Amino acid sequence: MPELPEVETIRRSIALPLQGQIIKAVIVREPRLRWSVPNTLTACLLGQSIQDIQRRGKYLLFQCEQGHLLIHLGMSGNLRLLPAKTPVKKHDHLDIVFHNELCLRYHDPRRFGCVLWTSDPVSQHPLLMNLGLEPLEPDFTGDYLYRLAQQRKVPIKTYIMNSRIVVGVGNIYANESLFLASIHPTKPSGQINLERYQCLAKSIQQVLSTAIESGGTTLRDFMDSAGNPGYFKPLLQIYGRTGQPCNQCGNPIQQQQLAQRVTYYCSTCQG
DNA sequence: AAAAGGACCTGGTGGC
DNA sequence: TGCCACCAGGTCCTTT
């Protein structure tokens with residue numbers, strides 16, 4: 001479900017209400033996520049307060065006094081901030097209850113996400129230590145993308161979805177960014193020149209920033225922690241628009257499978 | 001070292 | 001209405 005803009009939208013909607021809140025209880029109803037919820041989680045979290053909530057790629061990092069709670073939402077996860085007594089629904093796998101009687105409720109039908117704890121420096125965590133650059137940080141540039149792409153043959157779309165290169169770019173925003181940069185998704189990443197990469201880096205930043213400002217993309221069920229949908233869907237230029245006219249040239253949008261992901265493009269505009 | 005494909009899950013949709 | 005195949009916003013792991 002959530003790519004970087006959706007995770008960032010959730011982060012922003014919980015950061016202020018949870019800052020300084022003390023954890024009163026942890027309720028694990030279903031520990032079988034992508035990785036099992038550690039059975040020590042309750043003991044780790046109890047009595048601690050949330051000092052800050054950061055994001056790294058699509059991971060949410062809850063900074064506590066003794067370490068970090070690490071949450072990934074996978075394909076179908078979401079987090080809601082609810083009164084602690086709100087009736088539980090199917091797939092509400094975990095609650096973190098605070099002293100103010102609010103709870104952060106993790107819901108994830110497909111269970112591709114995870115809820116983990118680490119008391120080590122969070123950047124050293126095995127799931128985080130090999131991640132590439134944050135696309136909205138200043139060190140993410142066309143030069144960087146160009147340099148790492150040399151000798152590579154993977155299609156550019158697969159390349160920008162590789163989290164060891166750059167984090168947070170999932171299927172929706174990879175398609176959108178390549179359309180904005182007028183680059184064909186199957187073009188081998190090692191055959192793109194520096195100038196095109198500079199354009200692509202800017203396109204990725206623009207698409208992600210605009211999506212964050214819009215509160216993310218709600219295709220089916222994305223919502224922020226208060227239950228609000230995102231408003232970026234009508235701004236999508238290419239994703240999910242097979243057969244519809246390209247907004248730039250009017251020719252029908254094409255679709256093909258690339259690395260097991262649906263890929264949309266305009267064969268006229270994305271030479 | 002890089003690329004390709006399978007695996008992990010449930011729910012919604014569309015065809016018959 | 002029911003059954004079935006197929007598809008979905010992610011990404012790690014194994015194999016080539």
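Within every chain, numbering begins at 1; the chains are lettered A, B, ... in the order of the sequence lines, protein sequences first and strands thereafter. Atoms considered below: every heavy atom in the structure, side chains included; atoms not considered: hydrogens, waters and symmetry mates. Note that this is a predicted model, so its numbers are computed, not measured.
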Using the side chain to side chain contact (heavy atoms under 4.5 Å, CB included) rule, take Arg261(A) and Lys157(A) through it: C-alpha gap first, then chi angles, then the decisive distance, then the call. CA-CA 10 Å; Arg261(A) 310 305 294 273; Lys157(A) 176 167 176 261; 3.8 Å; yes
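- At the heavy-atom level, Phe232(A) lies nowhere under 4.0 Å from the strands shown.
- In this pair, Tyr173(A) and Phe232(A) present their aromatic rings tilted. The plane angle is within the 30 to 60° band.
- A 6.0 Å sphere centred on CD of Gln151(A) holds no more than 12 heavy atoms belonging to other residues, nucleotides or ligands.
- With the nearest nucleotide of DNA chain B identified for both Lys90(A) and Leu148(A), Leu148(A) has the one nearer the 5' end.
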Check: residues 190-197 of chain A side-chain donor-acceptor pairs under 3.5 Å, at least two apart:
{"residue": "Asn193(A)", "atom": "OD1", "partner": "Glu195(A)", "partner atom": "N", "Å": "3.2"}
{"residue": "Asn193(A)", "atom": "OD1", "partner": "Arg196(A)", "partner atom": "N", "Å": "2.8"}
{"residue": "Arg196(A)", "atom": "NH1", "partner": "Ala181(A)", "partner atom": "O", "Å": "2.9"}
{"residue": "Tyr197(A)", "atom": "OH", "partner": "Ser189(A)", "partner atom": "O", "Å": "2.6"}

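- Checked against dG9(C), dC12(C), dA3(B), the side chain of Lys153(A) finds its nearest nucleotide in dA3(B).
- In this pair, His184(A) and Tyr265(A) present their aromatic rings tilted. The plane angle is within the 30 to 60° band.
- The distance from atom OH of Tyr173(A) to atom C1' of dG10(C) is 14 Å, rounded to the nearest whole Å.
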Taking only Watson-Crick and G-U wobble pairs with both distances under 3.5 Å, what dot-bracket line describes DNA chain B, where [ ] shows pairs that cross earlier ones and | shows pairs with another strand? .|||||||.|||||||
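- A gap of 16 Å separates the P atoms of dT14(C) and dC9(B), to the nearest Å.
- Taking 4.0 angstrom as the limit, His91(A) places a side-chain polar atom (N or O) nearer than this to OP1 or OP2 of dG11(B).
- Scored by the salt bridge (charged side-chain N to carboxylate O under 4.0 Å, His left out) test, Glu213(A) finds no partners at all (sequence neighbours excluded).
- Considering only the side chain of Arg34(A), dG10(C) comes nearest among dG5(B), dA3(B), dG10(C).
- When the C1' atom of dC6(C) is taken as reference, atom CD of Gln255(A) falls 13 Å away, rounded to whole Å.
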Between side-chain atoms of residues 115-128 of chain A and protein atoms elsewhere (two or more places apart, or another chain), which donor-acceptor pairs fall under 3.5 Å?
{"residue": "Thr118(A)", "atom": "OG1", "partner": "Asp120(A)", "partner atom": "N", "Å": "3.1"}
{"residue": "His125(A)", "atom": "ND1", "partner": "Leu127(A)", "partner atom": "N", "Å": "3.0"}

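- Only the P atoms considered, dT11(C) is 23 Å distant from dA1(B), to the nearest whole Å.
- Remark: the separation of the P atoms in dC7(C) and dG5(B) is 15 Å, to the nearest Å.
- The separation between Asn162(A) atom CG and dG10(C) atom C1' is 13 Å, rounded to whole Å.
- For Gln260(A), taking side-chain heavy atoms from C-beta onward, the closest of the listed nucleotides dA3(B), dG6(B), dG10(C) is dG6(B).
- A residue-by-residue look at Arg220(A) and Ser189(A) shows that Ser189(A) has its nearest nucleotide of DNA chain B further toward the 5' end.
- Once the 5.5 Å centre distance and the 30° plane angle are applied, the aromatic ring of Phe112(A) is found stacked with the base of dC8(B).
- Rounded to whole Å, the distance from NE2 on His93(A) to P on dT10(B) is 9 Å.
- With distances taken from any side-chain atom of Leu219(A) to the nucleotides dA3(B), dG9(C), dC8(B), the minimum falls on dG9(C).
- Rounded to an integer number of Å, the gap from Asn78(A) CG to dG10(C) C1' is 15 Å.
- Residues Asn175(A) and Leu236(A) fail the side-chain proximity criterion, which asks for heavy atoms closer than 4.5 Å.
- Listed in residue order, the members of residues 237-244 of chain A having a heavy atom less than 4.0 Å from DNA chain C are Tyr239(A).
- Looking at residues two or more places apart in sequence or on another chain, you find a ring-ring contact (aromatic ring centres under 6.0 Å, His included) between Tyr264(A) and Tyr239(A).
- If you take CD1 of Ile71(A) and P of dG10(C), they are 18 Å apart, rounded to a whole angstrom.
- When distances are taken from the side chain of Arg110(A) to each of dC9(B), dA3(B), dG5(B), the shortest belongs to dC9(B).
- When rounded to the nearest whole Å, the span between CG of Leu127(A) and P of dC12(C) equals 6 Å.
- Contact annotation: His72(A) side-chain N/O to dG10(C) OP1/OP2 distance is not under 4.0 Å.
- For the atom pair CZ (Arg105(A)) and CG (Leu79(A)), the distance works out to 11.5 Å, reported to the nearest 0.5 Å.
- With dG10(C), dC9(B), dA4(B) as the candidates, the nucleotide lying closest to the side chain of Arg111(A) is dC9(B).
- Atom-to-atom, CE of Met161(A) to P of dT11(C) comes out at 8 Å; the value is rounded to the nearest Å.
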Would you check, one step at a time, whether the test salt bridge (charged side-chain N to carboxylate O under 4.0 Å, His left out) holds for Glu3(A) with Lys58(A)? CA-CA 6 Å; Glu3(A) 302 184 35; Lys58(A) 297 171 189 166; 5.3 Å; no
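- An OP1 or OP2 oxygen of dG10(C) is reached within less than 4.0 angstrom by a side-chain nitrogen or oxygen of Arg261(A).
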